[in-house]
Structures are given as structure tokens and as C-alpha cells.
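Below is a structure I'd like to ask you about.
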Amino acid sequence: RRMALAAQELSRVPVFEWIQPEGGFYFAVRLKKGLDDEQFAFEALRRHGLLIHPGFFYDLGGHYFILSGVVKPGTFKRAVRRLATLAEEL
């Protein structure tokens with residue numbers, strides 16, 4: 001159920017491209033605008049109180065961040081909306 005929610009919410013954001021995991025509760029999301037993953041994670045925390053991991057923590061090349069799916073569905077939806085807004089602002 002959470003995978004379906006992630007697919008629905010993340011695919012609505014044109015600046016995100018996500019990799020569907022084979023299992024687990026974490027999603028690797030690529031920033032299509034070429035934003036710096038470390039700066040994006042920092043600004044997500046500073047501006048929106050969202051804790052995400054930059055992709056370089058997981059040796060992901062390119063511009064990725066890691067998003068947890070271990071939250072309530074409403075919380076996940078709000079977080080994705082805030083991250084989409086942040087991506088547009090940067």
C-alpha cells in the first residue's frame with residue numbers, strides 16, 4: 001500500500017524521478033533539475049523541518065535523495081508536496 005502511495009505522490013512531481021525499490025521502506029529520488037543533493041537535504045531540514053538523506057550517503061551518483069516511507073500516508077503526502085516546493089524554489 002505504501003509503495004502505491006509513493007508511486008502516486010512522487011510521479012506527480014515533474015522534477016522528481018524515483019526508483020521503485022525491490023523491497024524495504026526507503027525511496028531513492030533523483031532531482032531532475034541537477035540540484036546538489038547535500039544542499040537539498042540541508043534546505044529541506046532548514047526550511048521545512050524534513051529530514052531526508054542526500055544520495056551520496058548511499059554512494060548514489062548524480063543528484064539523489066533518500067525518502068523514508070515509514071510514516072503515515074498523510075505525512076508522506078505533505079512531505080512530498082513540501083519537497084516539490086523546495087525543488088522549485090532552489
Original post:
CG/Leu31 to CG/Asp36 distance, rounded to the nearest 0.5 angstrom?
Top reply: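 Those atoms lie 9.0 Å apart.
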Original post:
Atom CZ of Arg30 and atom CG of Leu10: how far apart are they, to the nearest 0.5 Å?
Top reply: 13.5 Å
**OP:** Name the orientation class of the two ring planes belonging to Tyr58 and His53 (parallel below 30°, tilted from 30 to 60°, perpendicular beyond 60°).
**Re:** parallel
Run the side-chain donor-acceptor check on residues 42-51: report pairs under 3.5 Å with partners two or more places apart or on a different chain.
residue	atom	partner	partner atom	Å
Glu43	OE1	Arg46	NE	3.0
Glu43	OE1	Arg46	NH2	2.8
Glu43	OE1	Arg47	NE	2.9
Arg47	NH1	Glu89	OE1	2.8

**OP:** Name all residues meeting the salt bridge (Lys or Arg N to Asp or Glu O under 4.0 Å) criterion together with Glu38; count only those two or more places apart in sequence or in a different chain, and write none if there are none.
**Re:**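 With neighbours one apart ignored, the set is empty.
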Original post:
Can you tell me how far CG of Leu35 sits from CD of Glu88, rounded to the nearest 0.5 angstrom?
Top reply: 9.0 Å
Original post:
Checking Asp37 side chain against Gly55 main chain: does a donor-acceptor pair fall under 3.5 Å?
Top reply: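 Answer holds: yes.
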Distance-only criterion, 3.5 Å: show the donor-acceptor pairs between side-chain atoms of residues 69-81 and protein atoms not counting sequence neighbours.
residue	atom	partner	partner atom	Å
Thr75	OG1	Arg78	NH2	3.3
Arg78	NH1	Gly74	O	3.3

Subject >> Residue pair Ile52 / Phe40, side-chain heavy-atom distance below 4.5 Å >> reply: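 Result yes, sub-4.5 Å side-chain heavy-atom pair found.
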Original post:
Between Phe16 and Phe65, does the ring centre distance come in under 6.0 Å?
Top reply: yes
**OP:** Starting from the C-alpha separation in whole Å, work towards a yes-or-no answer on side chain to side chain contact (heavy atoms under 4.5 Å, CB included) for Phe57 and Tyr64.
**Re:** CA-CA 10 Å; Phe57 281 11; Tyr64 287 88; over 6 Å; no
**OP:** Evaluate the side chain to side chain contact (heavy atoms under 4.5 Å, CB included) criterion for residues Leu83 and Leu67: first the C-alpha distance (whole Å), next the side-chain angles of each, then the deciding distance (0.1 Å), finally the verdict.
**Re:** CA-CA 10 Å; Leu83 291 169; Leu67 185 61; 3.9 Å; yes
Original post:
Would you say the side chain of Leu60 lies within less than 4.5 Å of the side chain of Ile66, judging by non-hydrogen atoms?
Top reply: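 Side-chain contact under 4.5 Å: yes.
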Original post:
Just wondering, more than 12 heavy atoms not from Tyr26 lying within 6.0 Å of its OH?
Top reply: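 12 or below, so no.
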